[in-house]
Protein chains: 2
Amino acid sequence: MTVDREQVLRTAAALLSRKATATMDEVARAAGIGRATLHRHFAGRDALVKALEVLGIREFEAALDAARLDEGSAEEGLRRLIAEIEPAAGLLAFLVTENQLFEGAHVNEGWGRLDARVSAHFRRGQQQGEFRIDLTPAWLTEALYGLIGTGAWAVQDGRVAAKDFQYMIVELLLGGARRNVEQ
Amino acid sequence: MTVDREQVLRTAAALLSRKATATMDEVARAAGIGRATLHRHFAGRDALVKALEVLGIREFEAALDAARLDEGSAEEGLRRLIAEIEPAAGLLAFLVTENQLFEGAHVNEGWGRLDARVSAHFRRGQQQGEFRIDLTPAWLTEALYGLIGTGAWAVQDGRVAAKDFQYMIVELLLGGARRNVEQ
DNA sequence: CCCGAATGAGACATCAGTGTCTCGCAAGGT
DNA sequence: ACCTTGCGAGACACTGATGTCTCATTCGGG
């Protein structure tokens, strides 16, 4: 009888990442619950988005933990990270475009922690000579986010096969489009 | 006295790419005109977004023309394209996230033309042996759009210097993050 | 089996944004 | 100098979404 809050959030994430302007009523129907019940669990639309933000940050941090970035080469760590992040890609794509989250006075500090960890990983890769040093860690971090979002949308719209998601992102981010001699 | 329609559109693009939910009143004030005047030129919000879409497609096509993609190597063409597209990057970033544009019955055919031209360029690069063949032209096209949008946002938010916009996008897209032996 | 807690459906007021209209005014052409 | 045209400001009604409330129902624990 009791609503599964986690399930509601995941359904909302799936809907909102496809249609960011979906109404509370649409979110409720998508989750199979009444609008009143949705309001009982999330005071309003803002609260719902905030809850999604917390969920997204938690999943991203879980992916960072699971990827064990400090083990092995930086490239291997990045591959593991993208693999771990794939299930949450749609949610993250939605959150990144929800710039309302980044306008207010106090932005969720979680983003800073995530940026720092990802950025530090790229920096480590540079220091170890694996990654180029002419692309800043900040830009590589942004590019990773951007490609994850782009990949999630491309898969949703059927322009890229879901099974290729990881490969396309990792290969482009690491190797780029240029064909190298040793390939 | 007469309103400069083009200027209004550019101001609206600049505002909306930062705050996609800006109201008609905010758009009007940003453009320095009254809300009634804005409505005289664009029947409603939908019409405004459609006009921005037409503008964005026009600028993208102009960039494609100016880039002379068929001259020289595919890599040089891509570099020219990104350079030409930079001024319109914010507008394109807004349009890509305005998924309302891609839901209705008839999507503006311009996007298909643009996709086809960009995609054909990547395909040419593959056939000439310049680009990798394990990344599909469709994905490279999507990735280009995604990186342009990400770059535009990163510059707007000050995370990347404006002067580095082209370099960061081109180098990542072409060469990736991995450091190669010859570098 | 019974009772409390939670839900769904619907009614309702409220509010922000929209679209339309009028009126006074300023600019620019003739 | 006149007069047409376009603009700004404001008033207004309308719509869609939101947030709150009530009430009947149903689920599930004790």
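Labels below follow one simple rule: chain letters A, B, ... track the order of the sequence lines, proteins then strands, and each chain is numbered from 1. Bear in mind the structure is a predicted one, so any value in this text is a computation, not a measurement.
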Given atom CE of M24(A) and atom C1' of dA17(D), what is their separation to the nearest angstrom? 10 Å

Find the distance H39(B):NE2 to dA9(D):P and express it as a whole number of Å. 16 Å

Check every atom of dG8(D), dT18(D), dG8(C) against the side chain of R45(A) and return the nucleotide holding the closest atom. dT18(D)

Determine: side-chain N/O of T23(A) to OP1/OP2 of dA17(D), distance under 4.0 Å, yes or no. no

Euclidean distance, atom CZ of residue R5(A) to atom P of dT7(C) [Å, nearest integer]: 12 Å

Protein-nucleotide distance (L48(A), atom CG; dT18(D), atom P), rounded to Å: 10 Å

Integer-rounded Å distance: dC27(D) C1' and D4(A) CG: 16 Å

Residue I33(B), side-chain heavy atoms: nucleotide from dT18(D), dG8(D), dG6(D) that is nearest: dG8(D)

Check the side chains of W153(B) and E142(A) for a donor-acceptor pair under 3.5 angstrom, ignoring hydrogens and angles. no

Regarding R35(A), tell me which of base, sugar-phosphate or nothing describes its non-hydrogen contacts under 4.0 Å with the strands shown. base

Let me spell it out: for each of G44(A) and R40(B), pick the nucleotide of DNA chain D with the closest heavy atom. Which residue's pick is nearer the 5' end? R40(B)

Distance from F60(A) atom CZ to L81(A) atom CG, nearest 0.5 Å? 6.0 Å

H41(A) vs dT7(C): side-chain N/O to OP1/OP2 distance below 4.0 Å: yes

As a quick check of understanding, evaluate side chain to side chain donor-acceptor pair (under 3.5 Å) for R123(B) and Q127(B), giving each step before the final call. CA-CA 6 Å; R123(B) 196 171 298 108; Q127(B) 288 167 350; over 6 Å; no

Between C1' of dA9(C) and CZ of R29(A), the distance in whole Å: 9 Å

Protein-nucleotide distance (L38(B), atom CG; dG6(D), atom P), rounded to Å: 17 Å

When rounded to the nearest 0.5 angstrom, what is the spacing between CD in E53(B) and CG in L48(B)? 12.0 Å

